[in-house]
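Whatever order the structure lists ligands and atoms in, that order sets their numbers, starting from 1. Values below: all heavy atoms of this structure, side chains included; hydrogens, waters and symmetry mates excluded.
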Amino acid sequence: MVVHKFGGTSVADPVAIRRLIEIVRAARTRDGRGPAVVVSAMSGVTDGLLGVAASAGESKLEEALSRTQQIRERHIAAARELVAGPARETLHAQIDVHIDELTDIIKALSVLREVSPRTLDVVAAIGELLSSRIVAAALTCAGVPAEWIDARQAIVTNDEHTRATPLGKETNERLRSNVRPVLDGGRVPVLGGFVGATVAGHTSTLGRGGSDYSGALVGAGVDASEIQIWTDVDGMLSADPRVIKSPRLVSQLSFAEAAELVYFGAKVLHPSTILPAVERNIPVRILNSWKPDADGTLITGDGSPTRTGLTGLASKRDVTVIDITSTRMLMAYGFLRRVFEVFERFRTAVDMVTTSEVSVSVTVDDARHIDQIVEALSEFAEVSVERHMSLLCAVGDVLQDEPEIAARVVGVLEEVPLRMISQAASRRNITVVLRQADLPHAMERLHEEFFK
Ligand code: ADP
Ligand code: ASP
Ligand code: MG
């Protein structure tokens, strides 16, 4: 039994949802049961909802209401095309329950003029709640018996709203009691991804792109044999197709390689997706919902034993580099602890670290608390900040055995000023920090060298 997660473009409109139905039907025929289905919001809807909340918070009530109306129309139109008979009336009413809730919230926000992360989550979650309702009804109407499951009853998270972390034990218990019986009863459970609720029952979300994570959590919770991520590209590509014109398909890679690539910017998977899969050793497959018969990318514990070169490249833009220098602290123990305590206090993850005798350089992706971090670090060190830098990461298990590949990576970039270079203990990636302006060229050069 497999879990299918469909991304925003794979549920964007009735045409896409009809493709989804055939993919689910085929899996069901093949496996004799399942699959469990996790869906994103229809493409653009999460952005739309966040826009509605922002407008409401600025008291632009008319604008917020008219955008809400557009969101409603889009879902009602899809429901009308996909579902017939009395089920259509029921579905329309369900859509309106969510839209009415949204309308009440934006009216309140426009008076309060303040949008808290907790409220933002209630608004953002509506996209997945709506799409999952539609998909569940559309499957049933097409002869695939499906049951909608409220993701807020299935994924239990901490209270870090807008990027909450699921609580493993509680979530597994809920999945076992809410989702398994539906599968055992021969129906297809359909859940919205991205969405959960705190222990206290407040709606939460897992961070942008978080539906992949939900898919993997469900896969682990129901002991799936495979977690399939259905998206709009052929699989994991050797580089971001928005940066490199014709990247190659990576047909097989290891969990560890995939984790590095997605952590360092390969948006095709949410960075946490791999965790639940690794814990239970469940293979993850990335597939193109426009080409259901293609093999896609298979991610497993072993990866591809026969590969000789790098596996892929990834990059992150708008990274901030912070240099922390202290001659007084020269070689003193406890210095790094003090440095990292500051990042911990402001809940900011550090991506990359390099050190010299008197200085430490780190990169961070999340720049929300930079000013406070700099202020705190300045109490015991000199601090300088460079914004709009990029991080470029070359990944491959092969780096562990073939040292000349690392030399080639740096050699190819000889004309590019590199601000930081690192290879960590896993020896699975080489990461460099460079100016944003140099990124496209550096990517081109590396891709040409290793993937052409
Ligand atoms: P979904 O809505 O299906 O979750 P996303 O937009 O989140 O889809 O992720 C798929 C997109 O990820 C692709 O359209 C592609 O532009 C981007 N992407 C970036 N890096 C990679 C990569 N290395 N391999 C594949 N896709 C990538
Ligand atoms: N709809 C959410 C987003 O746009 C989650 C997802 O699609 O994975 O970020
Ligand atoms: Mg995604």
Asks: Between D302 and T300, is any side-chain donor less than 3.5 angstrom from a side-chain acceptor?
Replies: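 No.
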Asks: Quiz question: by atom type and distance under 3.5 Å, do the side chains of N178 and Q153 form a donor-acceptor pair?
Replies: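 Their side chains do not contain a donor-acceptor pair, so the 3.5 Å distance test is not met.
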Asks: Does anything in residues 410-419 pair up under salt bridge (charged side-chain N to carboxylate O under 4.0 Å, His left out), and if so which pairs, sequence neighbours excluded?
Replies: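 Only D323-R419, E386-R419 qualify under salt bridge (charged side-chain N to carboxylate O under 4.0 Å, His left out).
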Asks: Purely on distance, is any nitrogen or oxygen of T231 under 3.5 Å from one on ligand 1?
Replies: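 Among all N and O atoms of T231, at least one is under 3.5 Å from an N or O of ligand 1.
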Asks: Does any pair with a residue in residues 132-145 pass side chain to side chain donor-acceptor pair (under 3.5 Å), and if so which ones, sequence neighbours excluded?
Replies: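 Side chain to side chain donor-acceptor pair (under 3.5 Å) check on residues 132-145 returns S132-W148.
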Asks: Considering heavy atoms of the protein only, find what lies nearest to atom 14 (O) of ligand 1 and give residue, atom and distance to 0.1 Å.
Replies: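 Of every protein heavy atom, D232 OD1, 2.9 Å lies nearest to atom 14 (O) of ligand 1.
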Asks: With the criterion set at N/O pairs under 3.5 Å, what does the list of contacts between the protein and ligand 2 look like, atom names and distances included?
Replies:
from     : atom 1 : to   : atom 2 : distance (Å)
ligand 2 : 1 (N)  : T46  : OG1    : 2.7
ligand 2 : 1 (N)  : E128 : OE2    : 2.6
ligand 2 : 4 (O)  : T46  : OG1    : 3.4
ligand 2 : 4 (O)  : R208 : NH2    : 2.9
ligand 2 : 7 (O)  : S40  : OG     : 3.0
ligand 2 : 8 (O)  : G209 : O      : 3.3
ligand 2 : 8 (O)  : G210 : N      : 3.4
ligand 2 : 8 (O)  : S211 : N      : 3.0
ligand 2 : 8 (O)  : S211 : OG     : 3.2
ligand 2 : 9 (O)  : R208 : NE     : 2.7
ligand 2 : 9 (O)  : R208 : NH2    : 3.4
ligand 2 : 9 (O)  : G209 : N      : 2.8

Asks: Do any N or O atoms from the side chain of D121 and from the backbone of T162 form a donor-acceptor pair under 3.5 angstrom?
Replies: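 Yes; at least one donor-acceptor contact below 3.5 Å.
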Asks: Heavy-atom contacts with K5 under 4.0 Å: which atoms of ligand 1 show up? List them by number with element.
Replies: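 Here the atoms of ligand 1 in question are 4 (O).
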Asks: Could you tell me which atoms of ligand 1, counted from 1 in the order shown, lie closer than 4.0 angstrom to a heavy atom of G235?
Replies: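 Under 4.0 Å from G235, ligand 1 has these atoms: 24 (N), 25 (C).
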Asks: Hey, looking at atom 27 (C) of ligand 1, which of A314, P241, A266 has the closest heavy atom?
Replies: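 When every heavy atom of A314, P241, A266 is considered, P241 comes closest to atom 27 (C) of ligand 1.
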Asks: What is the distance from atom CG of L413 to atom CG of L392, rounded to the nearest 0.5 Å?
Replies: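 Output value for this atom pair is 7.0 Å.
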Asks: Any Lys/Arg nitrogen of D223 or R180 sitting under 4.0 Å from an Asp/Glu carboxylate oxygen of the other?
Replies: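 A salt bridge is present here (some side-chain N lies under 4.0 Å from a carboxylate O).
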Asks: Under 4.0 Å, heavy atoms only, figure out whether ligand 1 is touched by the backbone of V233, its side chain, both or neither.
Replies: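 It is the side chain that gets close, since no backbone atom is under 4.0 Å.
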Asks: Would you list the pairs meeting salt bridge (charged side-chain N to carboxylate O under 4.0 Å, His left out) in which at least one residue belongs to residues 40-58, sequence neighbours left out?
Replies: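 Residue pairs passing salt bridge (charged side-chain N to carboxylate O under 4.0 Å, His left out), neighbours aside: D47-R208, E58-K60.
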